[in-house]
Amino acid sequence: MTTAAVLAAALALSLTAGCTSGPGPADDGRGTDRPPSRADTDTSTSTPAAAGQVLAVKIDNVRAARPQTGLDAADVVYVEQVEGGLSRLMAVYATRLPKTVGPVRSARESDLELLRQFDRPALAFSGAQGKLLPLIDKEPLEAVTPEDAEDAYYRSSGKSSPHNLYLRPGRVLPSAPGEAALTTGFRYGPAPDGGTPAASRTVRYPSARFTFTWSEKRRGWEVTTDGTPTVTAGGRRLAPPTVVVQYVRVRRSGYHDALGNHTPYTETVGSGTAEVLRDGTSHEVRWQRPTAEAGTRFTTRDGEPVAFAEGQVWVVFAKTP
């Protein structure tokens, strides 16, 4: 849709839709509520996303939104800090598409820089601040919102609004684009030499925390969010084989929520240090991403590439100490 139409729709909403938990706007979508319906397996498409594109979905992560659906099918899960010190997820799908993903929530300015590494990705989100919408329109991506693709979304009766908006990925992409579309710069293979045995690792935001605990049986890091096990809608604990704690600059952006909390901007272009967790071991590494169009390269302090374990990767952006 045109920028003018986007702006007109945005003016009907709060500029800060869905940025915090607790009291606030009833919804952060740019379309009207739809009657609750049930996810199905129909894979017809009605949105402009094309084969070869990854699908990135902004996923709610406050307590009222959990457990999420479809998160276990993502190839990469990015964790970012948002207003009020809370957290939000962006899940990227390339090798498989689940029937349902959600709850879907609003986009942030930092997402645009992060997504530049992919070739015109499809970004599913349910709203954004009014001043941000023109920037999204100019980005090399396909915006997939409830207004753009009404039949790709539905509202569940299992959760209250705005934590009940779900996406049917099969109505956005004709098929999973495949591993080649994951232009993240990540390498997969044997673990680097050295490292320190690690049973668990906790990352804290001002109002959120994540703990990753190694499970030898599952060969993955079981996720705990805000003290509660992170599970799928079916009750299975999430346990990605690789977790990256990437230390980045987090600065204040020009946007804020209804309570006056400024939106953090997470800078993912540049260089710094990171911690790679795999195989029950922690590795201190360096990261480098020279431009927004480039993937992120992880190396040892000697400059050797660092490989991740096969399977899902969680990247947790933490503020540089």
Any side-chain to backbone donor/acceptor pair from Y205 onto V82? Under 3.5 Å, distance only. no
Hey, what do you get for CG (L115) to CG (L141), rounding to the nearest 0.5 Å? 6.5 Å
T230 side chain vs T225 backbone, donor-acceptor pair below 3.5 Å: yes
Distance-only, no hydrogens or angles: does the T320 side chain make a donor-acceptor pair with backbone N or O of V248 under 3.5 Å? yes
Mind checking whether V101 and I59 have side chains closer than 4.5 Å, heavy atoms only? yes
Exercise: identify the closest heavy-atom pair between P305 and R297: CG-NH2, 4.3 Å
Should V77 and L71 count as side-chain neighbours, where that means a heavy-atom distance under 4.5 Å? yes
Kindly determine whether L114 and M90 satisfy side chain to side chain contact (heavy atoms under 4.5 Å, CB included), including the steps that lead there. CA-CA 10 Å; L114 185 60; M90 182 164 70; 3.2 Å; yes
Can you confirm whether S161 sits close enough to R155 that some side-chain heavy atom of one is under 4.5 Å from a side-chain heavy atom of the other? yes
For the side chain of W221 and the backbone of L277, is there at least one donor-acceptor N/O pair under 3.5 Å apart? yes
Could you tell me which non-hydrogen atom of S282 sits nearest to which non-hydrogen atom of E275, and how far apart they are? OG-OE2, 2.7 Å
Counterpart residues, side chain to side chain contact (heavy atoms under 4.5 Å, CB included), relative to R237 (two or more places apart): R218, E222, T224, P229, V231
When you measure from the side chain of R63 to the backbone of R66, do you find a donor-acceptor pair of N or O atoms at a distance under 3.5 Å? no
Which of R252, R249, E113 passes side-chain hydrogen bond (donor to acceptor under 3.5 Å, both in side chains) with Y265? It is E113
Within a 6.0 Å radius of atom CG on D119, are there more than 12 heavy atoms belonging to other residues, nucleotides or ligands? no
Considering only heavy atoms from C-beta outward, does the side chain of V313 approach that of Y188 to under 4.5 Å? yes
Give, for atom CZ of R251 and atom CD of E267, the distance between the pair rounded to the nearest 0.5 Å. 5.0 Å
Are Y78 and F317 an aromatic pair, judged by ring center distance below 6.0 Å? yes
Out of curiosity, T273 OG1 to E284 CD, how far, rounded to the nearest 0.5 Å? 7.5 Å
Interatomic spacing from CD in Q81 to OG1 in T263 - rounded to 0.5 Å: 10.5 Å
Sort out for me which residue in T100, D60, N61 forms a side-chain hydrogen bond (donor to acceptor under 3.5 Å, both in side chains) with Q68. N61
Begin with the C-alpha distance, continue with both residues' side-chain angles, and end with the deciding distance and a verdict on salt bridge (charged side-chain N to carboxylate O under 4.0 Å, His left out) for D111 and K58. CA-CA 9 Å; D111 302 333; K58 292 306 301 290; 2.8 Å; yes
Would you check, one step at a time, whether the test side chain to side chain contact (heavy atoms under 4.5 Å, CB included) holds for V245 with F210? CA-CA 11 Å; V245 182; F210 296 85; over 6 Å; no
Apply side chain to side chain donor-acceptor pair (under 3.5 Å) to S106 and S126, showing your working. CA-CA 5 Å; S106 54; S126 64; 5.6 Å; no
R201 NZ/CZ over F212 ring centroid, <6.0 Å and within 45° of normal: no
Surrounding CZ of R187 (heavy atoms of other residues, nucleotides or ligands, distance under 6.0 Å), is the total greater than 12? no
Would V92 and F118 count as a side chain to side chain contact (heavy atoms under 4.5 Å, CB included) if you check the C-alpha gap in whole Å, the side-chain angles of each, and the deciding distance to 0.1 Å? CA-CA 10 Å; V92 177; F118 301 111; 4.0 Å; yes
Before accepting this row, confirm whether a basic side-chain N of the pair E83/R108 lies closer than 4.0 Å to the acidic partner's carboxylate O. yes
Quick check against the 3.5 Å criterion: does R278 have a side-chain atom that pairs as donor or acceptor with the backbone of P241? no
Test side chain to side chain donor-acceptor pair (under 3.5 Å) on S200 and T211; report intermediate values, then the result. CA-CA 7 Å; S200 67; T211 298; over 6 Å; no
Nearest-0.5 Å distance, CZ of residue R171 to OH of residue Y154: 10.5 Å
Go through the structure and list residues passing side chain to side chain contact (heavy atoms under 4.5 Å, CB included) with A233, not counting sequence neighbours. T69
Where is the tightest heavy-atom contact between A208 and D226, given as atom of each residue plus distance? CA-OD1, 3.2 Å
T183 (side chain) donor-acceptor with Q117 (main chain) under 3.5 angstrom: yes
Working for salt bridge (charged side-chain N to carboxylate O under 4.0 Å, His left out), residues R88 and E80: CA-CA 6 Å; R88 187 154 294 180; E80 62 181 343; over 6 Å; no
Taking the side chain as C-beta and beyond, is there a heavy-atom pair between E142 and Q53 under 4.5 Å? yes
Can Y247 be reached from W314 by stepping across I, L, V, M, F, W or Y side chains whose heavy atoms are under 4.5 Å apart? yes
Does the pair T184 and T296 meet the rule for a side chain to side chain contact (heavy atoms under 4.5 Å, CB included), with working shown? CA-CA 6 Å; T184 56; T296 305; over 6 Å; no
Considering only heavy atoms from C-beta outward, does the side chain of P177 approach that of Y93 to under 4.5 Å? no
In sequence, state the C-alpha distance, the side-chain angles, and the governing distance for D75 and R96, and then conclude on salt bridge (charged side-chain N to carboxylate O under 4.0 Å, His left out). CA-CA 8 Å; D75 293 282; R96 58 181 175 145; over 6 Å; no
For A124 and L167 the tightest heavy-atom approach is CB-CD2, 3.7 Å
Would you say V250 and V269 are hydrophobically clustered, going by side-chain heavy atoms of ILVMFWY under 4.5 Å? no
Side chain to side chain donor-acceptor pair (under 3.5 Å), that's the test. Do Y166 and K159 meet it? Break it down for me. CA-CA 11 Å; Y166 290 83; K159 292 185 175 76; 3.1 Å; yes
Applying side chain to side chain donor-acceptor pair (under 3.5 Å) to N164 and S156, what does each step give before you reach the verdict? CA-CA 5 Å; N164 65 347; S156 169; over 6 Å; no
Counting distance only, does the side-chain N/O of S110 pair as donor-acceptor with the main-chain N or O of T266 below 3.5 Å? yes
When rounded to the nearest 0.5 Å, the distance separating CG of L135 from CD of E139 is 7.5 Å
Under the 3.5 angstrom rule, does the side chain of T95 hit a backbone N or O of E179 as a donor-acceptor pair? no
Mind listing the closest non-hydrogen atom pair of L173 and V54 along with its distance? CD1-C, 4.4 Å
Could you tell me whether the side chain of Q312 and the main chain of A74 form a donor-acceptor pair under 3.5 Å? yes
